[in-house]
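First comes the structure, then the notes that go with it.
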Amino acid sequence: MTLRLYNTMSRAKEDFSPREPGRVLMYVCGPTVYNHIHIGNARTFLSFDVVRRYLTWRGFEVSFIQNITDVDDKIIRAANEEGVPPATIAARYTEAFLEAMDRLGILPPTAQPRATETIEPMISMTERLIETGHAYEADGSVYFSVRSFPGYGRLSRRDIDEMRSGARVEVDERKTDPLDFALWKAAKPGEPHWSSPWGEGRPGWHLECSVMSEMELGTPFDIHGGATDLIFPHHENELAQSEAATGRPFVRYWMHGGLLQINAEKMSKSLGNFVLLKDVLEQHPAAVVRLLMLQTHYRSPLDFSEERLTEAASALERLVNMVRLVRWACVRPADGPGAPPDDLAALSQALEATRGRFTAEMDDDFNTAGALAVVFGLVRHANGFLAANESVLDAEGLALLDALQREVTDLLAVFGVTLPGADEEPLPRGVVALAASVAGYAGDDPVEAVNALLAAREEARSLKDWTQADAVRVGLQELGVVIEDTPAGARVSVRGD
RNA sequence: GGCGACGUCGCCAAGUGGCAAGGCAGGGGCCUGCAAAGCCCUUAUCCCCAGUUCGAAUCUGGGCGUCGCCUCCA
C-alpha cells in the first residue's frame, strides 16, 4: 500500500516517498509567542501531531522540527502595552505554549529551535542572499528581491504583476519593489536588537523557518506543514529565500491544514471570536478535543462550538464504555459453553480486517474521519457480540474480546486519544460516609465501602425494597459513581465531569 | 477586482464513476424492579439546471448560496 498525500504545490494527491527510505523529515511552523494559543492554532498542531504519529506508527523514523518565534512585531507591541521587556512576554507565552501542547497530548518535536537562538545562521543566510544578488541592503535593513527569483508565486499560484495592481502592499520607499520583504529589520529605539553587518537589528519573520529547516533537516526535506493562511506570503517567501540561497529544491511535499471557524467565520483576534486552548482544556479532556477535530478531515474548514464539544464527549463515552464492558467481561470466570462459532468467526474476521481498513483510510491523505469510522465499526461489532454472548463466554471468546479491546486502544493511540477510565479511576472518598450511613459500614476503605453498598443494595433488591435499593444508587450517583447491573452482578464505574 | 475552497440524513461528517461510512440527536423495540450501558430496527439518491457516460454525490458547463486568501495570522 502506498501513502498518498495532498501536495499544495501540485494541488493533487501524490504518492509519498521520502528523501531517505524509512525516514521522514518534517517541519511545521510554530507559534509566535505573544499570547496564549487559541484552538485554531491548536487544530493545526494537532493535525500534524497525528501526521507525525501515523508516520511513526507506519514504521518511519520521523524527525519533526518546529520553531518558536520569540522575536517579532507582535511581541514587541504586546510588551509595550504591558510595559515589560519583549523577552518577558516571549518567555511567558513560550512556557504557556509548551504546557498547552503537553496537555493536548502533542508529542514534543525532535527539535524546537527559538528564533532568538538562531540569529547567527539567519545573518549568514542573509549574507548569502546578498552575495548571490537576491537581496539588498537599505538603511540598515535587508530586503529579499522578489523579482530576482523566477519561481516566485508558484506555491500560492500568484502572478507578481497582477498582485501589484490590486494588492495593498505596505508602502516602503526603501524597497526597490513593493513586493520585496524584509530579511533583516533595522532596530528602532527600544526594540530587541542584535549586531549584524548592516548594523543593529533583528531578523524578519520568514527567515527563521528557512534557516532552521536547513540546519536541522537539510534540503530538500520531505514535509513542510502549516495552516492554509500561511501559504501566502509566509511559505512563498520561505521557498524563495531557501531556494535562492541554496540553489536546491526546498520542500518535497507542502501540506496545509484548513482553518478552524466559529459560527462559520474565521476565528480571529479582530473579530473577537477566538477561544483559547487552555480555556477549552479547563472544561474538557484532551481526548474530547482531539476526537472533535479528527472527525473532520484536516484540510476542511472546521466549525467549532460548545455543542460540538458535547457531541464529541458523547462519542468518546461510547469508546470508553466499550472498553469497560470488555474489561468487566474479562474478569469473570471463563467457564461458559462458548459463543456460537459463527459469531466468533465473524468477530475475529472483523478484527483482522480492521487494521487494513484503518491503514487504507489513513494512507489516503490522513483521512482521520474515515479511520475513526473504522474504529467505531469495530466497537459496534464487539458490543453486539458481547450483548449476545456475555453469559456464555469461554476462554476463547474472552481472549478475542481482549484482543479487540487492545486493537481499539492501539488505533486510538495513533490519534493520541487515550481513554479516560480505561484504567480504574480512584473512588471518591465520599463513598465511605455513604456506606456508613446507608449500609452500616464501619471501616475506612473506599473499595470495601462500595462493596458494602452493593451488598446492601442487593439485599434490598432481593426483598424488593426498591426505595432502599435506589437510595444506594442515587447516593453513589451524586458522588459520580454509576451502578450498572450486568448478568454478572452490579458494577460501578467512576464517571468524569 | 484577482485567486481558491466548499454546498451529502435534524446537526456534524467520510466518500473523485458502479447499489450513500461514522458520530451526535430523534422515534420504535429488546434487556432492566427502575435505571445505566448495550443491541436491533428506523430517517438521504447527495443545492438547482443542463450535459458526458451503460452508469455520477463523484466528470463538464451554467446558476444560486457560504467561506477563505490577496495585509500580521495556525
Side-chain angles (χ1 to χ4, degrees), chain A residues 11 13 28-32 34 37-48 72-74 77 153 156-159 162-163 165-170 205 225-234 256-261 264-270 274 291-292 294-297 299-303 305 307-308 310-322 324-325 328 357 361 364 367-377 379-388 390 460-462 464-467 469-470 473-474 477 482-487 490-493 495:
Chain A
R11 309 280 158 125
K13 287 182 194 171
V28 175
C29 290
T32 300
Y34 68 105
I37 65 163
H38 61 238
I39 52 172
N41 303 315
R43 184 196 183 191
T44 299
F45 301 143
L46 175 51
S47 296
F48 287 102
D72 167 272
D73 290 346
K74 290 194 290 290
R77 196 189 319 134
S156 56
R157 308 225 165 162
R158 265 157 235 267
D159 184 293
E162 284 181 1
M163 282 171 58
S165 48
R168 305 262 170 291
V169 181
E170 190 182 344
W205 173 44
T228 54
D229 55 353
L230 292 188
I231 295 174
F232 188 90
H234 184 53
H256 290 97
L259 299 179
L260 182 141
Q261 312 182 323
E265 278 182 331
K266 178 183 172 176
M267 176 182 295
S268 78
K269 296 275 158 86
S270 54
F274 60 94
L291 211 50
L292 161 59
L294 296 174
Q295 277 180 307
T296 300
H297 186 92
R299 280 193 286 114
S300 301
L302 178 130
D303 205 45
S305 69
E307 294 70 51
R308 295 211 56 198
T310 307
E311 290 176 12
S314 299
L316 182 65
E317 270 293 300
R318 183 169 169 73
L319 264 12
V320 174
N321 288 340
M322 177 267 178
R324 177 164 46 227
L325 287 173
W328 282 348
R357 293 174 55 202
E361 295 288 358
D364 182 14
N367 188 349
T368 54
L372 219 36
V374 172
V375 174
F376 274 105
V379 166
R380 164 145 59 255
H381 205 323
N383 283 335
F385 176 84
L386 203 50
E390 177 156 18
R461 292 182 75 204
S462 68
K464 298 201 190 300
D465 181 355
W466 309 129
T467 310
D470 288 347
R473 191 178 57 211
V474 171
Q477 209 155 38
V482 176
I483 293 183
E484 298 177 57
D485 293 314
T486 76
R491 303 286 189 183
V492 296
S493 54
R495 303 290 168 93

B/G68 pairs with which nucleotide, Watson-Crick or G-U wobble, both distances below 3.5 Å?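 Here B/G68 is engaged in a pair, and the nucleotide opposite it is B/C3.
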Taking pairing as Watson-Crick or G-U wobble with both contacts under 3.5 Å, can you name the mate of B/C59, or confirm there isn't one?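 Partner of B/C59: B/G51.
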Whole angstrom value for the distance that separates [atom2] of [N] from [atom1] of [X]:
X	N	atom1	atom2	value
A/Asp303	B/G68	CG	P	11 Å
A/Gln261	B/C12	CD	P	12 Å
A/Glu317	B/A25	CD	P	11 Å

Give a yes-or-no answer on whether the side chains of A/Asn321 and A/Arg318 include a donor-acceptor pair shorter than 3.5 Å.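 No pair is found: no donor N or O on one side chain lies under 3.5 Å from an acceptor on the other.
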Surrounding CZ of A/Arg357 (heavy atoms of other residues, nucleotides or ligands, distance under 6.0 Å), is the total greater than 12?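 Not more than 12 within 6.0 Å, no.
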Between [X] and [N], is there a side-chain N or O to OP1/OP2 distance below 4.0 Å?
X	N	result
A/Arg473	B/A36	no
A/Ser300	B/A14	yes
A/Arg324	B/A37	no
A/Asn321	B/A37	no
A/Arg11	B/A5	no
A/Arg318	B/A25	no
A/Asn383	B/A37	no

Row check, A/Phe232 ring normal vs A/Arg158 NZ/CZ: under 6.0 Å, within 45°: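 Satisfied, under 6.0 Å and within 45°.
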Hey, which of these two, A/Thr467 or A/Leu259, hits RNA chain B nearer its 5' end, going by closest nucleotide?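 The residue mapped nearer the 5' terminus is A/Thr467.
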Nearest-nucleotide wise, let me know which of A/Met322 and A/Ala42 is further upstream toward the 5' end of RNA chain B.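 The 5'-side residue here is A/Met322.
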Identify whether any heavy atom of [X] sits under 4.0 Å from a base atom; if not, whether one sits that close to sugar-phosphate; answer base, sugar-phosphate or nothing.
X	value
A/Gly226	sugar-phosphate
A/Arg43	nothing
A/Ile483	base
A/Asp72	nothing
A/Lys74	sugar-phosphate
A/Ile231	nothing
A/Ala315	sugar-phosphate
A/His256	nothing

Donor-acceptor check, side chain of A/Asn367 to backbone of A/Gly370, threshold 3.5 angstrom: yes or no?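 The answer is yes, because a donor-acceptor pair under 3.5 Å joins these two groups.
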For the pair A/Arg77 (side chain) and A/Tyr34 (backbone), establish whether a donor and an acceptor sit closer than 3.5 Å, ignoring hydrogens and angles.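 Between the backbone of A/Tyr34 and the side chain of A/Arg77 there is no qualifying donor-acceptor contact (under 3.5 Å).
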How many angstroms lie between OG in A/Ser300 and CD in A/Gln261, if you round to the nearest 0.5 Å?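 A/Ser300 atom OG to A/Gln261 atom CD measures 10.5 Å (nearest 0.5 Å).
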Decide yes or no, distance alone: a donor-acceptor N/O pair under 3.5 angstrom between the base of B/C72 and the side-chain of A/Asp229.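 By the distance-only test, no, there is no pair.
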On a plain distance test, is the side chain of A/Asp470 in donor-acceptor contact with the base of B/G33 below 3.5 Å?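 Looking at the base of B/G33, it does pair with a donor or acceptor on the side chain of A/Asp470 (distance under 3.5 Å).
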How far, in whole Å, is B/C64 from B/U42 if one measures between their P atoms?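 About 40 Å, rounded to a whole number of Å.
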